[in-house]
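Everything on this sheet refers to the single structure shown next.
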Amino acid sequence: MNDPRLIIVPLRWASRALLALAWFALLAWITGRLVSDRFFWSQFVLWMPSWIIVPGSAMCLGLSALLARFAFPRYETSDTRDDTWRNARPGKRSSRWRTIAWCFFGVVTLGMIFGEWRLFNVFSRKSPTSPTRLIAWNPSEIERFDDAMQAMISMRPDIMLIANAPWGRSLAPVTQAMGRAGTIDQPAAAVIYGRLSIISKYPVMRWAGVELGVEGAQVRRFTWSGGGQLSIDKGVALLVQLDTTQQLGRPTVIWLVDLPSDPDIPRDRMMRQARHTLDNMTNYLVRTADGKDAADTWPDAKTNPLRTPDIIAGDTNTPRGSNSLNTLTRFDTGSLIGAYEQAGFGPALTFPNRVPLLAIDHTFLAPWLQASVYETHNVGLGKHRMQEVEIFAK
């Protein structure tokens, strides 16, 4: 081939395109982390997974540098230099932009490793003698729910939080297994509201369930063998107060939440609507000594015993680190802290189960609680990974 431009020109454009793509990915990652999901458009930027951005941008920068070696050849003498190609060469400009991009890449990589993946938690995890084991899972499993219940039992939970168990399926095997394995002289207690369930070795003191009224979800069709239904998901929460005085020194209020998954719902608005509903609840049920539930009200919503949670867990359909989650977890008594931030490390992604992209299932703890373990588990079924959290009182 006599004309080198047929090869060099495409190589030059490919090198520049790869450099531009790396710049776009790195700047998008930084923008997403700085702006978070305060705006509708920025939530999509925030959802770009770091574990794709970091190796992807490194590959683009590496290939860009490799192509540049062939696309911008060095000439030994002026006699062999083609003035046309010399004028087209960018000199050090392309190399300079690539060097700056590598610096940004280093910042993003450190931000992912230490800011998001919190690898320093490996060296700071605490080991209490008898922690409370909490398991939270949104299996969304219909056809193999018997296997899902066995997976729950195998985790040996003290408190089991379940979202989206199939309609009409009994959780009695989980309740019975937890009762037999109990370390206190009480059978396992269960509370069910809609698609949410809490099973606990600790007695239930009071509870309430509420539809959260989130707007914007689309009609969804659910089908299974022998049936199906249409629904509009407005979010749901189950609030339970457990008598954990023997184990943790005081009662514990748990909010189990399941929020809509529609990506076109602004997360900032969704959290504000959910929190408004939760803050204005006045009705709840009291569980009596004989195990029955009696309706009651609390005239002042601000003093409702279920109003301030000690634990918030569930499927928020909002990635870890999102600013909107602060709306759900900030209270007058202090903000709840993520169990992952306290004891987790590594990606710890939760959805989808087989090849997880994002961490949208969370557990948050009040300041008086501390997590010693936070892990996610692929149990071989379901749409979400299971959260395992071991907690103790500070």
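When reading the values below, keep in mind they use all heavy atoms of this one structure, side chains included, and skip hydrogens, waters and symmetry mates. It should be emphasised that the depicted structure is a prediction, and the values quoted were computed from it without experimental measurement.
- Between the side chain of Ser170 and the backbone N or O of Ala172 there is at least one donor-acceptor pair closer than 3.5 Å.
- At a cut-off of 3.5 Å, with distance as the only test, no side-chain donor of Asn317 or Ser261 sits close to an acceptor on the other residue.
- For the pair Met59 and Leu63, the minimum side-chain heavy-atom distance is below 4.5 Å.
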Report task. Output, in order, the C-alpha distance, side-chain angles, deciding distance and verdict of salt bridge (Lys or Arg N to Asp or Glu O under 4.0 Å) for Glu390 and Arg133. Result -> CA-CA 5 Å; Glu390 292 187 358; Arg133 182 189 296 269; 3.1 Å; yes
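- Side-chain atoms of Val389 and Val373, non-hydrogen and from C-beta on, never get closer than 4.5 Å to each other.
- At least one side-chain heavy atom of Ile30 sits less than 4.5 Å from a side-chain heavy atom of Val108.
- A cation-pi arrangement is present between Arg320 and Tyr340 under the rule of less than 6.0 angstrom and at most 45 degrees off the ring axis.
- Atom OG1 of residue Thr244 and atom CD of residue Gln247 lie 8.0 Å apart, to the nearest 0.5 angstrom.
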Query raised in the report: Hey, mind stepping through Asp233 and Gln218 against side chain to side chain contact (heavy atoms under 4.5 Å, CB included) and telling me if it holds?
Result: CA-CA 8 Å; Asp233 186 3; Gln218 303 298 314; over 6 Å; no
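- Taken together through direct or relayed side-chain contacts under 4.5 Å among Ile, Leu, Val, Met, Phe, Trp and Tyr, Met112 and Leu34 form part of one hydrophobic cluster.
- At a threshold of 4.5 Å between non-hydrogen side-chain atoms, the residues Ile159 and Ile135 do not count as touching.
- The minimum heavy-atom distance between Leu19 and Ala101, with the atom names listed, is CD1-CB, 4.3 Å.
- Heavy atoms of other residues, nucleotides or ligands lying less than 6.0 angstrom from CH2 of Trp368 number more than 12.
- The distance from atom CG of Leu328 to atom CG of Leu278, rounded to the nearest 0.5 Å, is 7.0 Å.
- In this view, Arg330 satisfies the salt bridge (Lys or Arg N to Asp or Glu O under 4.0 Å) rule with no residue, not counting sequence neighbours.
- When atom types are taken as modelled, the side chain of Ser64 and the backbone of Cys60 share no donor-acceptor pair closer than 3.5 angstrom.
- Side-chain N or O atoms of Thr277 include one that pairs as donor or acceptor with a backbone N or O of Gln273 at under 3.5 Å.
- Within the cation-pi definition used here (under 6.0 Å to the ring centroid, within 45° of the axis), Arg275 qualifies as a partner of Phe331.
- Ala366 and Leu336 make their closest contact through N-CG, 3.7 Å (heavy atoms, listed as atom of the first residue, atom of the second, distance).
- With hydrogens and angles left out, the side-chain atoms of Gln342 and Tyr374 include no donor and acceptor closer than 3.5 Å.
- Between the side chain of Asp262 and the main chain of Asp264, no donor-acceptor pair closer than 3.5 Å is present.
- Thr245 places no side-chain N or O within 3.5 Å of a backbone atom of Gly249 that could act as its donor or acceptor partner.
- Residues Trp51 and Trp117 place their aromatic rings such that the two centres sit no closer than 6.0 Å.
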Report task. Verify side chain to side chain contact (heavy atoms under 4.5 Å, CB included) between Ile113 and Val54, making sure each step is shown before the conclusion. Result -> CA-CA 10 Å; Ile113 293 175; Val54 169; over 6 Å; no
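- Side-chain atoms of Arg267 and Gln43 include no donor-acceptor pair closer than 3.5 Å.
- Using a 4.5 Å cut-off between side-chain heavy atoms of Ile, Leu, Val, Met, Phe, Trp and Tyr, with links allowed through other members, Leu381 and Met149 fall into the same hydrophobic cluster.
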Requested in this report: Quick one: do Glu116 and Arg33 satisfy salt bridge (Lys or Arg N to Asp or Glu O under 4.0 Å)? Show the steps, please.
Outcome: CA-CA 10 Å; Glu116 290 190 355; Arg33 272 58 188 177; 2.8 Å; yes
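- By the neighbour-count criterion of 12 heavy atoms within 6.0 Å, atom CZ of Phe24 is sparsely surrounded, having that number or fewer from other residues, nucleotides or ligands.
- For an aromatic pair to be called close, the ring centres must be under 6.0 Å apart, and Trp23 with Phe104 satisfies this.
- Residue Phe120 places its CZ atom among more than 12 non-hydrogen atoms of other residues, nucleotides or ligands, all under 6.0 Å distant.
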Requested in this report: Could you give me the CA-CA distance, side-chain angles and deciding distance for Ile52 and Met48, then say whether side chain to side chain contact (heavy atoms under 4.5 Å, CB included) is met?
Outcome: CA-CA 8 Å; Ile52 292 179; Met48 298 172 63; over 6 Å; no
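- The shortest non-hydrogen separation linking Ile153 to Pro173 is CD1-O, 3.7 Å.
- Between Met160 and Ile198 the shortest side-chain heavy-atom distance does not fall below 4.5 Å.
- A distance of 12.0 Å separates CH2 of Trp137 from CZ of Arg385, quoted to the nearest 0.5 Å.
- Taking all atoms of both residues into account, the shortest heavy-atom contact from Pro49 to Leu358 is CG-CD2, 4.4 Å.
- Considering only heavy atoms from C-beta on, Arg250 comes within 4.5 Å of Asp310 through its side chain.
- Surrounding CZ of Arg156 are at most 12 heavy atoms belonging to other residues, nucleotides or ligands under 6.0 Å away.
- One finds the CD1 atom of Ile100 at 12.5 Å from the CG atom of Leu26 (value rounded to the nearest 0.5 Å).
- Of the inter-residue distances, the one linking Leu242 atom CG with Lys201 atom NZ reads 13.0 Å to the nearest 0.5 angstrom.
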Requested in this report: With side chain to side chain contact (heavy atoms under 4.5 Å, CB included) as the test, would you mind laying out the steps for Leu259 and Met271 before giving the verdict?
Outcome: CA-CA 9 Å; Leu259 294 169; Met271 295 301 173; 3.6 Å; yes
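- Listed here is the closest heavy atom pair of Pro367 and Lys394: O-NZ, 3.0 Å.
- For the atom pair CG (Leu357) and OG1 (Thr350), the distance works out to 10.0 Å, reported to the nearest 0.5 Å.
- A side chain to side chain contact (heavy atoms under 4.5 Å, CB included) with Asp37 is found for one member of Leu325, Asp268, Val45, Asn323 and no other, namely Asn323.
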Query raised in the report: Could you go step by step and tell me if Asp315 and Arg195 meet the salt bridge (Lys or Arg N to Asp or Glu O under 4.0 Å) rule?
Result: CA-CA 12 Å; Asp315 177 12; Arg195 62 178 187 262; over 6 Å; no
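- When side chains are defined from C-beta on, Pro139 does not count as touching Arg144, because their heavy atoms never get closer than 4.5 Å.
- Under 3.5 Å, the side chains of Asp361 and His384 contain a donor-acceptor pair of N or O atoms.
- In this structure, Leu369 and Ile311 have side chains that are in contact, with non-hydrogen atoms separated by less than 4.5 Å.
- For the salt bridge (Lys or Arg N to Asp or Glu O under 4.0 Å) criterion with Arg287, the lone passing option out of Asp243, Asp293, Asp296 is Asp293.
- Sparse packing is recorded around CG of Asp332, with 12 or fewer heavy atoms of other residues, nucleotides or ligands lying under 6.0 Å away.
- With Trp97 contributing its side chain and Arg16 its backbone, the two residues share no donor-acceptor pair below 3.5 Å.
- Across every non-hydrogen atom of Leu285 and Ala295, the tightest pair is CD2-CA, 3.4 Å.
- In the model, Ser36 has no side-chain atom that pairs as donor or acceptor with a side-chain atom of Ser322 under 3.5 Å.
- The closest donor-acceptor contact from the side chain of Trp207 to the backbone of Gln241 lies at 3.5 Å or more, if one exists at all.
- Taking the six-membered ring for Trp and thresholds of 30 and 60 degrees, Phe364 and His362 have ring planes inclined between 30 and 60 degrees apart.
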